[in-house]
Amino acid sequence: MRITVVGTGYVGLVSGVCFAEFGFNVTCVDKNKSKIEELNRGGVPIYEPGLDKLISKNFAAGRLRFVSEIEEGVRNADIIFIAVGTPSRSDGSADLSYVYQAAEEIARSANNGALIVIKSTVPVGTSGAVKKFLLDKGIDADVAFNPEFLKEGAAVEDFMHPDRVILGVESKNAKRILSQVYRPLYVFNTPLVFTDLETAELSKYASNAFLAMKVAFINEIADLCESCGADVNEVAIAMGLDKRIGDKFLQAGPGYGGSCFPKDTSALNHFAAERGVNLSLVKETIRSNGDRRKRMAEKILSACGNNVRGKNIAVLGVTFKANTDDMRDSPSIDIIKALAEHGAHIKIYDPSFSGQAAEIFRGIPFGDNAYDVCNGADAVIILTDWSEFRALNLKELNGRVKNPLLIDLRNIYTLSEVNSSGFNYCSVGRVFKKLGAAKETE
Ligand code: UDX
Ligand code: UDX
């Protein structure tokens, strides 16, 4: 089985490399020549834990190659995955031009009988429309849809041990080829859910919209906790123990970001509106998450006495979540912008040393470690839940700051830990009690 993946972004690269790890011969194609050159030199253009080792292992074994010419990449392939980006347009709809362009280029060069599988997230009906688009150009290609459920930062693990694999197919041939491709997962009894193209496409949007709604829900419950003295972490644990609810995606924070939830909720909403269907919960989720960022900036301002002008603010973590260098739609962008507009002097430390972040926050200094950026700080703000922030020596940190104020928008500290460090603490959905009176019972 010869597999080609077109697009070596966060999804395409992980998918291609993991297919090679399954034992298949894989060609990864990207029109961005400098990315391909970097990969061929042994570099990895994205930060994704575990990916570098799998790339070097499978590259050395001759199962993985990287090319920039689509024609060369798809020649002789039995199955070709499309994993190019589907960014949001200004009206919220998904921009599918890269998908159509890739499909046409692939179909022109691929072998007869090669299966084209769309992995990019696309509105319902797109896979069928791509097939028709190709037919209109005289190319009779078999098109399938196989959504990705890869969380950045845990994408390799998610690929190798998925909860399920959704496969939208229209032919026995597609079902046969895709069964072979995902056969290595049988060892974990992973359900392969074969369905039609439209159901597979909608399953992806519905899954991400539901998870986004769960996050927005717990964030609103966090607000309520702050107003009545309850602890949102404990509420989430109590809720999550009910198997009907589940314990995942109930971590309160500064709001969801990333390349998927914001884009997918808005594309789903746009798609439904076009059909006259009112997805009121999805709409409200989008609105609630947008408001959350503004409220988080206000929360920081309020914790700083409603005046940050000239104050030194140390920001720990700016990527949209931990274990990635991805800055797409990160809540930190809006929050830091608001603080800068209020005259704060900001310093940033992010463990990914993200090039995207340096570009976005041009003019704002970055430090080499968490402690240095806190020297002389009037407030320390945790925006991303990187593991290394969980074990900061708060007493040492307290010795470095000007004013011991820790604003933790990811709730990574327990109230008692902070109590003993001498910091004043502000988190989400939990009320900080005076020293010696932490609410926790541990
Ligand atoms: C993916 C999916 O494709 C998107 O639909 C999903 O919802 C999220 O994940 P991602 O991997 O994050 O996107 O995209 P990105 O990091 O932008 O990578 C896309 C890659 O495709 C880039 O490297 C780009 O150079 C490449 N590309 C794009 C091509 O090779 N050919 C094209 O025509 C367009
Ligand atoms: C998401 C999907 O989960 C994944 O299946 C795939 O479709 C790609 O999109 P990703 O965006 O990489 O993955 O990360 P995810 O872990 O889903 O987090 C999304 C956002 O929600 C992040 O900003 C994260 O910080 C936030 N989040 C997540 C919370 O605030 N609380 C939670 O409990 C979980």
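All ligand and atom numbering here is 1-based and tracks the order in the structure.
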Test of understanding: with salt bridge (Lys or Arg N to Asp or Glu O under 4.0 Å), list the residues that count as partners of Asp142, not counting sequence neighbours.
none
State the atoms of ligand 1, each with its element, that fall below the 4.0 Å cut-off from a heavy-atom position in Lys35.
22 (C), 23 (O)
Between Lys53 and Glu21, does any NZ, NE, NH1 or NH2 come within less than 4.0 Å of an OD or OE carboxylate oxygen?
no
As an exercise, identify every atom of ligand 1 less than 4.0 angstrom from a heavy atom of Lys31.
29 (C), 30 (O), 31 (N), 32 (C), 33 (O), 34 (C)
Check each atom of ligand 1 against the heavy atoms of Asn32 and keep those under 4.0 Å away; list them by number with element.
25 (O)
Cation-aromatic face contact Lys214/Phe249, 6.0 Å, 45 degrees:
no
Geometric cation-pi criterion, Arg164 with Phe149: 6.0 Å, 45°:
yes
If you measure from each non-hydrogen atom of Ser120 to ligand 1, which part falls under 4.0 Å: side chain, backbone, both or neither?
both
Which of the ligand 1 atoms, numbered from 1, are nearer than 4.0 Å to a heavy atom of Val84
2 (C), 3 (O), 21 (O), 27 (N), 28 (C), 29 (C), 31 (N), 32 (C), 34 (C)
List in chain and number order the residues that pass side-chain hydrogen bond (donor to acceptor under 3.5 Å, both in side chains) with Asp291, two or more places apart in sequence or in another chain; answer none if no residue qualifies.
Arg287
Ligand-side contact atoms (ligand 1) for residue partner Tyr98, heavy atom cut-off under 4.0 Å:
34 (C)
Within ligand 1, which atoms have a heavy atom of Thr86 less than 4.0 Å away?
4 (C), 5 (O)
If you measure from the Lys or Arg side-chain nitrogens to the Asp or Glu carboxylate oxygens, is any gap between Asp242 and Arg244 under 4.0 Å?
yes
Salt bridge (Lys or Arg N to Asp or Glu O under 4.0 Å) with Lys132: which residues, sequence neighbours excluded?
Asp136
Write none if no such pair exists; otherwise list each N/O atom of ligand 2 with its protein N/O partner under 3.5 Å and the distance.
unit_1   : atom_1 : unit_2 : atom_2 : d
ligand 2 : 7 (O)  : Lys204 : NZ     : 3.1
ligand 2 : 7 (O)  : Asn208 : OD1    : 3.4
ligand 2 : 7 (O)  : Asn208 : ND2    : 3.2
ligand 2 : 12 (O) : Glu152 : N      : 2.7
ligand 2 : 14 (O) : Lys321 : NZ     : 3.2
ligand 2 : 16 (O) : Lys321 : NZ     : 2.8
ligand 2 : 23 (O) : Gly257 : N      : 2.9
ligand 2 : 23 (O) : Phe320 : O      : 3.1
ligand 2 : 25 (O) : Phe320 : O      : 3.4
ligand 2 : 25 (O) : Arg410 : NH1    : 2.8
ligand 2 : 31 (N) : Gln251 : O      : 2.8
ligand 2 : 33 (O) : Leu250 : N      : 3.3
ligand 2 : 33 (O) : Gln251 : N      : 2.9

Salt bridge flag under 4.0 Å for residues Glu69 and Arg75:
no
Under 3.5 Å, is there a donor-acceptor pair between the Lys31 and Ser68 side chains?
no
